[in-house]
Number of protein chains: 2
Amino acid sequence: MALCYKRLALQAVLRQMSEGSVYTMRDVARLARVSVATVSAVVNEKKGVRPVLVKRVQDAMKALDYHPDHVARSLKVRRTTTIGVVIPDFASGFFMEVVRGVEDVARTAGYSVLLCNSNDDVSQEQRHLSVLFSRRVDGILLATTDPYSVARRQYRPNLPIVLFDRIPPGHQGPAVVVDNKSAAYEATKYLISLGHRQIAFIAGRLDLSTGMDRADGFRKAMEDAHLTVRADYLKHGDFKAASGYEAGLELLKLSDRPTAIFSSNSQMTVGLLKAMQELGSHCPEDVSVFGFDDLVPGTEGFSFGALLKPELTVIAQPGYQIGHQAAEMLLKLLAEPSDGKSQPDEGVVTLKAELCIRNSVAPPHSANS
Amino acid sequence: MALCYKRLALQAVLRQMSEGSVYTMRDVARLARVSVATVSAVVNEKKGVRPVLVKRVQDAMKALDYHPDHVARSLKVRRTTTIGVVIPDFASGFFMEVVRGVEDVARTAGYSVLLCNSNDDVSQEQRHLSVLFSRRVDGILLATTDPYSVARRQYRPNLPIVLFDRIPPGHQGPAVVVDNKSAAYEATKYLISLGHRQIAFIAGRLDLSTGMDRADGFRKAMEDAHLTVRADYLKHGDFKAASGYEAGLELLKLSDRPTAIFSSNSQMTVGLLKAMQELGSHCPEDVSVFGFDDLVPGTEGFSFGALLKPELTVIAQPGYQIGHQAAEMLLKLLAEPSDGKSQPDEGVVTLKAELCIRNSVAPPHSANS
DNA sequence: CTGAAAGCGCTTACAG
DNA sequence: CTGAAAGCGCTTACAG
């Protein structure tokens, strides 16, 4: 009898549905014979609802395969539980590692992530930020291509933005970066300690903190060792493989070739290695190569770097950690009352990069140390 | 005078704003002295609005730095211009290539992408699908970990789901896959043509179409050549590096070692190479290695594969193309009236994988062909 | 061509 | 403890 009644109620509700539509809280409420407020309370696991009603609501939800409309909820509560992540390059192993770190903490906290590709282009970055803003994301994780974008535009009061990888000069807001300067310094010092004097440097984009800091670290190490940097050993790349390739060709064709080359990022290192391959230069026999970033992050403890010919000596950045930390920082910012009062976690977190010595670097043949 | 009036109006609107809030269409309407309907028309570039009003509205929007609330719009129009993408592995170069292809077409079409990681776990996949549904994405791109998930549950009438990479047996709906069976067949045939008879195979997950099809292709090629597959040459992996490593160790320790090993995906190949490295086995001198997928996709025409020791002979899947095609298929589905009437583009699109011959495969030393 | 009003599906004070 | 009602910020018939 009761069962029969229930089935009839269900059918009544089912029948009222228009084709292609989806059940709403009202349908559930009707079927469970409660108010929508009660359904809402059950959905949001608020306590204080009579167990009988909870059961009835749950049954109704199941019967209708009800999925609460997160869009409507977002509009009402003015939070989307979504974060935007914009990175400059989808093909980069490093940035994908970062994204992996971000996703892990986001998912755990119940956030979804909207992933955007700026292609290292300022206007695309601006457009994406604008879209993310319109979509009312709760916060943004940004590897900015434009050192001034963030300062230039305050997107929304109380819209937290955590920068990572790159920061504008003098940036004070929340950010997670790697100590590029000292990493490059250590790398260069290592080359010098091995006896290298003729060290070439392939710089990345100097308008980005990463490119500039790495160049600074290199320069400082050379200075500290009282070595001069020859102009023709200094190549200006743009972080892409092609520029590393060009730089490599030029350096290797020099009559007075460098004994070691330090490349500012992995893409350019790939280009450099390709140039060497074409010209028949071997490494480290003919020239030592020091890279920044593994060409591709390892898998579950299996390093690709070790499978390369040669195994590349590099500065390894903790990509996953960067993403993880940045996401945690962002979520903490979101959890805060954000009355503008306490901002304990603002500030730049600097992670250490690791000197990863393998065997693409050897002492120069004519070691004069 | 007029200017003065405008400034006063702006200040009036500005003053009414509560802290930390954001301007709405009403604010813009008030400032521009029009109705919200007119503002909406201007925002959505509907024609028929008097140019004077358009100008006034645009000025007001600029003055307030107004960003239309996409959440509210989504609720009203019942479309989010968002697609969900769920992949099983964020660390996989192949899947990241796919995502790059997806993002390119999504961005161009004005869609945002919600990226989800199922970690190759059925229940996580289900949870993500449920979340995507609640978030009312317009469509889903899914590399399913559960061959039956899609059939088991019809998420929403008219919620298009395009599968990629893996499909349930007998699947008829929209999907983009690679012809794994014939690719594996060709690869095996190539090994045989070189004189290999003792060929080992490291299988992937056989509950997924990719794993099964590759195994089928291998098996068929062996059969067609009237070669038997020794049981101890058949290893059952799970697509992860560790399983390739284990399989590699076992195969290499066999007293009667295979002359060639065919590995079903890149992660397992990494594991295999690691095992070989540890045991001092060289390739192709000691044993030939044929891989499925490049270990990592190339960058801008610079192939990493060519930098490996040895350069790996593989089946290369067109990851970017898969993502691109799948996204286009999904968007086409979204554009259709979807009256349930015409479904011209339903169906499985099969892409060809490329046999990429480098030098990790050589004739066996004791060629008996 | 433009404005007033209803409503998308929720949540949340506010009464009872 | 539960229900009726207002409202989040838009869009869209519907009048004028």
Side-chain angles (χ1 to χ4, degrees), chain A residues 13 16-18 20-57 60-61 64-82 133-138 156, chain B residues 13 16-18 20-57 60-61 64-82 133-138 156:
Chain A
V13 172
Q16 285 170 23
M17 290 304 300
S18 55
S21 190
V22 104
Y23 294 101
T24 73
M25 217 168 234
R26 281 187 63 229
D27 300 313
V28 177
R30 192 152 43 203
L31 184 57
R33 287 163 288 140
V34 297
S35 72
V36 290
T38 303
V39 177
S40 175
V42 172
V43 166
N44 295 301
E45 290 171 319
K46 298 230 165 94
K47 53 189 177 235
V49 183
R50 237 187 318 157
V52 209
L53 294 196
V54 173
K55 176 88 170 71
R56 237 156 67 197
V57 169
M61 293 201 296
L64 299 180
D65 191 25
Y66 169 69
H67 288 249
D69 188 325
H70 191 270
V71 175
R73 167 170 233 283
S74 294
L75 176 60
K76 183 62 192 173
V77 304
R78 315 181 67 71
R79 290 181 349 106
T80 52
T81 24
T82 305
F133 178 54
S134 260
R135 287 175 178 271
R136 299 299 189 258
V137 293
D138 295 337
R156 179 164 56 160
Chain B
V13 172
Q16 285 171 26
M17 292 301 302
S18 56
S21 191
V22 104
Y23 294 101
T24 73
M25 215 167 239
R26 281 188 64 230
D27 300 313
V28 176
R30 192 154 40 204
L31 184 57
R33 286 162 289 140
V34 297
S35 73
V36 291
T38 304
V39 177
S40 175
V42 172
V43 166
N44 295 302
E45 291 171 320
K46 299 229 165 97
K47 54 188 174 232
V49 183
R50 236 187 319 157
V52 209
L53 295 196
V54 172
K55 176 87 171 71
R56 235 154 70 195
V57 169
M61 292 201 296
L64 299 180
D65 190 25
Y66 169 69
H67 288 248
D69 188 324
H70 191 271
V71 175
R73 166 169 235 283
S74 295
L75 176 59
K76 182 62 191 175
V77 303
R78 315 183 66 71
R79 287 176 357 102
T80 53
T81 25
T82 306
F133 178 54
S134 260
R135 287 174 178 271
R136 299 299 188 260
V137 293
D138 295 337
R156 177 162 58 156

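Note that this is a predicted model, so its numbers are computed, not measured. Worth knowing before you read on, the calculation uses all heavy atoms, side chains too, and leaves out hydrogens, waters and symmetry mates.
Remark: the B:H70 side chain and the B:T81 side chain contain an N/O donor-acceptor pair separated by less than 3.5 Å. At a cut-off of 3.5 Å, with distance as the only test, a side-chain donor of B:T82 or A:R135 sits close to an acceptor on the other residue.
Only one option out of A:N44, A:V36, A:V42 pairs with A:S40 in a side chain to side chain contact (heavy atoms under 4.5 Å, CB included); it is A:N44.
The distance from atom OG1 of B:T80 to atom CG of B:D138, rounded to the nearest 0.5 Å, is 4.0 Å. A distance of 15.5 Å separates CG in A:D69 from OH in A:Y23, rounded to the nearest 0.5 Å. From A:M61, atom CE reaches atom NE2 of A:H67 across 10.5 Å, with rounding to the nearest 0.5 Å. In this structure, NZ on B:K55 lies 15.0 Å from CZ on B:R50, to the nearest 0.5 angstrom. For the atom pair OG (B:S74) and CZ (B:R136), the distance works out to 11.5 Å, reported to the nearest 0.5 Å.
Annotated stems with DNA chain C as a participant read C:1-3 with D:14-16, C:5-12 with D:5-12, C:14-16 with D:1-3, given as range with range, by first number; only runs of 3 or more Watson-Crick or G-U pairs under 3.5 Å qualify.
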Practice task
Would you give a per-nucleotide map of nucleotides 1-10 of chain D, 5' to 3', where B means the base has a protein non-hydrogen atom under 4.0 Å away, S means only the sugar-phosphate does, and - means neither?
Solution key: SSBB--BBBB

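In terms of phosphate contacts, A:K46 brings a side-chain nitrogen or oxygen within less than 4.0 Å of OP1 or OP2 of C:dT12.
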